[in-house]
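Working notes, beginning with the structure itself.
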Amino acid sequence: MDIKCLIIVYSYHHNNTAKIADVFSKILNALVKAPDQVTLEELQEYDLIGFGSGIDSGRHYKPLLDFADRLPETNKKSSFIFSTSGVQGKAKVAKDHSLLRQKLQLKGYIIAGEFSCKGYNTNHFLKYFGGMNKGKPDSEDLKHAEEFASNLLKELTLKTI
Ligand SMILES: Cc1cc2nc3c(=O)[nH]c(=O)nc-3n(C[C@H](O)[C@H](O)[C@H](O)COP(=O)(O)O)c2cc1C
């Protein structure tokens with residue numbers, strides 16, 4: 001069975017998260033849309049939904065979190081979470097993802113995987129010093145994104161056969 005996937009991404013600072021979404025879309029053969037381009041009805045057509053954005057104040061961007069609040073309940077639909085951020089670290093990313101994770105789980109989504117990597121950041125005073133993580137996500141990050149999506153696809157395909 002072919003897994004039908006939609007990727008919902010909100011990315012504005014340097015389009016860092018959009019670059020990751022593009023890699024996912026190729027591997028998962030998925031459409032990429034911004035939250036305001038998605039109708040709640042069309043979500044029923046998909047087996048797997050990816051939710052991603054940059055991180056602001058330790059959480060996903062507000063338009064994505066607001067979208068998660070509007071989601072109808074599902075019965076264990078598969079999903080995945082992703083982000084790019086200025087600062088990484090296993091515990092920090094887990095915390096950054098926690099609010100979106102909670103919101104999705106509350107609506108009945110299963111989180112099949114989570115991905116995050118560094119993104120170029122010129123927020124606030126950083127812009128006066130050339131920003132942090134210049135060039136990120138880089139080719140290595142895009143390769144990791146590709147591996148993440150391939151593994152996810154393999155796992156979900158195994159579950160459906
Ligand atoms: C207003 C603002 C707030 C941010 N807050 C955080 C933060 O709390 N933690 C962090 O690690 N990065 C933070 N960043 C860095 C962004 O998450 C990072 O640059 C991200 O890759 C931007 O994604 P985008 O280009 O897809 O919008 C912030 C950036 C902006 C512009």
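Counting from 1, the numbers follow the sequence of the chain as shown. Counting starts at 1 for both ligands and their atoms, in listed order.
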Please list, in number order, the atoms of ligand 1 under 4.0 Å from a heavy atom of Thr17.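 Listed by number with element: 23 (O), 24 (P), 26 (O).
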
Check each atom of ligand 1 against the heavy atoms of His13 and keep those under 4.0 Å away; list them by number with element.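 So the atoms of ligand 1 that pass are 19 (O), 22 (C), 24 (P), 25 (O), 27 (O), 31 (C).
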
Nearest non-hydrogen contact with atom 29 (C) of ligand 1 belongs to which option: Asp96, Val9, Asn123?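 Residue with the shortest heavy-atom distance to the ligand atom: Asn123.
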
Identify which of Pro137, Ser57, Gly119 has a heavy atom lying nearest to atom 7 (C) of ligand 1.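 It is Ser57 that holds the nearest heavy atom.
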
Based purely on interatomic distance, does Ser11 place a nitrogen or oxygen under 3.5 Å from a nitrogen or oxygen of ligand 1?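 Between Ser11 and ligand 1, an N or O pair is found under 3.5 Å apart.
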
So for ligand 1, is Ala18 a polar contact partner (N or O within less than 3.5 Å, distance only)?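 Min N/O separation from ligand 1 is not below 3.5 Å for Ala18.
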
Can you confirm if the NZ or CZ of Lys4 lies within 45° of the ring axis of Tyr46 and under 6.0 Å from the centre of its six-membered ring?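 Yes, cation above the ring, under 6.0 Å and within 45°.
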
Among protein heavy atoms, which sits nearest to [atom], and what does the distance come to when rounded to 0.1 Å?
atom                    : answer
atom 10 (C) of ligand 1 : Lys92 NZ, 3.4 Å
atom 25 (O) of ligand 1 : His14 N, 2.7 Å
atom 19 (O) of ligand 1 : Tyr120 O, 2.8 Å
atom 14 (N) of ligand 1 : Ile55 O, 3.1 Å
atom 22 (C) of ligand 1 : Tyr61 OH, 3.3 Å
atom 12 (N) of ligand 1 : Gly86 N, 3.0 Å
atom 20 (C) of ligand 1 : Thr84 OG1, 3.3 Å

Between Phe67 and Tyr10, is the gap from one ring center to the other below 6.0 Å?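 No: the rings miss the under 6.0 Å criterion.
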
[atom1] of [X] to [atom2] of [Y]: how many Å apart, nearest 0.5 Å?
X      : Y     : atom1 : atom2 : result
Asp56  : Ser83 : CG    : OG    : 12.5 Å
Cys117 : Asn16 : SG    : CG    : 8.0 Å
Lys103 : Arg59 : NZ    : CZ    : 8.0 Å

Proximity to ligand 1 by part of Lys118, non-hydrogen separation under 4.0 Å: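 No part of Lys118 is near ligand 1 at this cut-off.
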
Any idea which part of Asn15 is under 4.0 Å from ligand 1, heavy-atom wise: side chain, backbone, both or neither?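 The answer is the backbone of Asn15.
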
Heavy-atom contact under 4.0 Å between Gln88 and ligand 1?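 It does not; every heavy atom stays at 4.0 Å or beyond.
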
Atom CG of residue position Asn29 - does it have more than 12 heavy atoms of other residues, nucleotides or ligands inside 6.0 Å?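 For Asn29, atom CG is not crowded (no more than 12 foreign heavy atoms under 6.0 Å).
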
Mind checking whether Phe115 and Phe148 have parallel, tilted or perpendicular rings, split at 30° and 60°?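 Plane angle between 30° and 60°, so tilted.
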
